[in-house]
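A quick write-up on the structure given underneath.
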Amino acid sequence: MITKDMKISEIIKVNSNIIAILLNAGMHCVGCPSAQGESLEEAALVHGLDADALVKQINAYLGN
C-alpha cells in the first residue's frame, strides 16, 4: 500500500509502472535526483497536484 509520505524512489520500487501514473498526472520530474528524495506529498505540492488523489489512483492500480 502506497502512502503520501513515501519517497518517490520507494514508490517506484514497489512497481515501476507507477511512473506512468505520475507522468500522466503531470509529475514529469520523476527521474530527477531531487525528486527521488521527495515524498509523494512534497512532489505533489510542488506540482500543484492532490496527493490524496494520487495515492488513491496508485493504490487502485496496485489493487489495494
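- D52 meets the salt bridge (charged side-chain N to carboxylate O under 4.0 Å, His left out) test with K4; sequence neighbours excluded.
- V14 meets the side chain to side chain contact (heavy atoms under 4.5 Å, CB included) test with I2, M6, L62; sequence neighbours excluded.
- Applying the side chain to side chain donor-acceptor pair (under 3.5 Å) test to T3 and every residue at least two apart in sequence or in another chain returns D5.
- Taking CD of E41 as the start and CG of D50 as the end, the distance is 10.0 Å to the nearest 0.5 Å.
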Considering only distance and modelled atom types, tabulate donor-acceptor pairs under 3.5 Å from the side chains of residues 22-32, sequence neighbours left out.
{"unit_1": "N24", "atom_1": "ND2", "unit_2": "A20", "atom_2": "O", "d": "3.2"}
{"unit_1": "H28", "atom_1": "NE2", "unit_2": "L23", "atom_2": "O", "d": "3.1"}

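- In this view, Q57 and I21, L54 satisfy the side chain to side chain contact (heavy atoms under 4.5 Å, CB included) rule, not counting sequence neighbours.
- Among pairs with a residue in residues 13-23, those fulfilling side chain to side chain donor-acceptor pair (under 3.5 Å) read N15-N17, N17-Y61, at least two apart in sequence or across chains.
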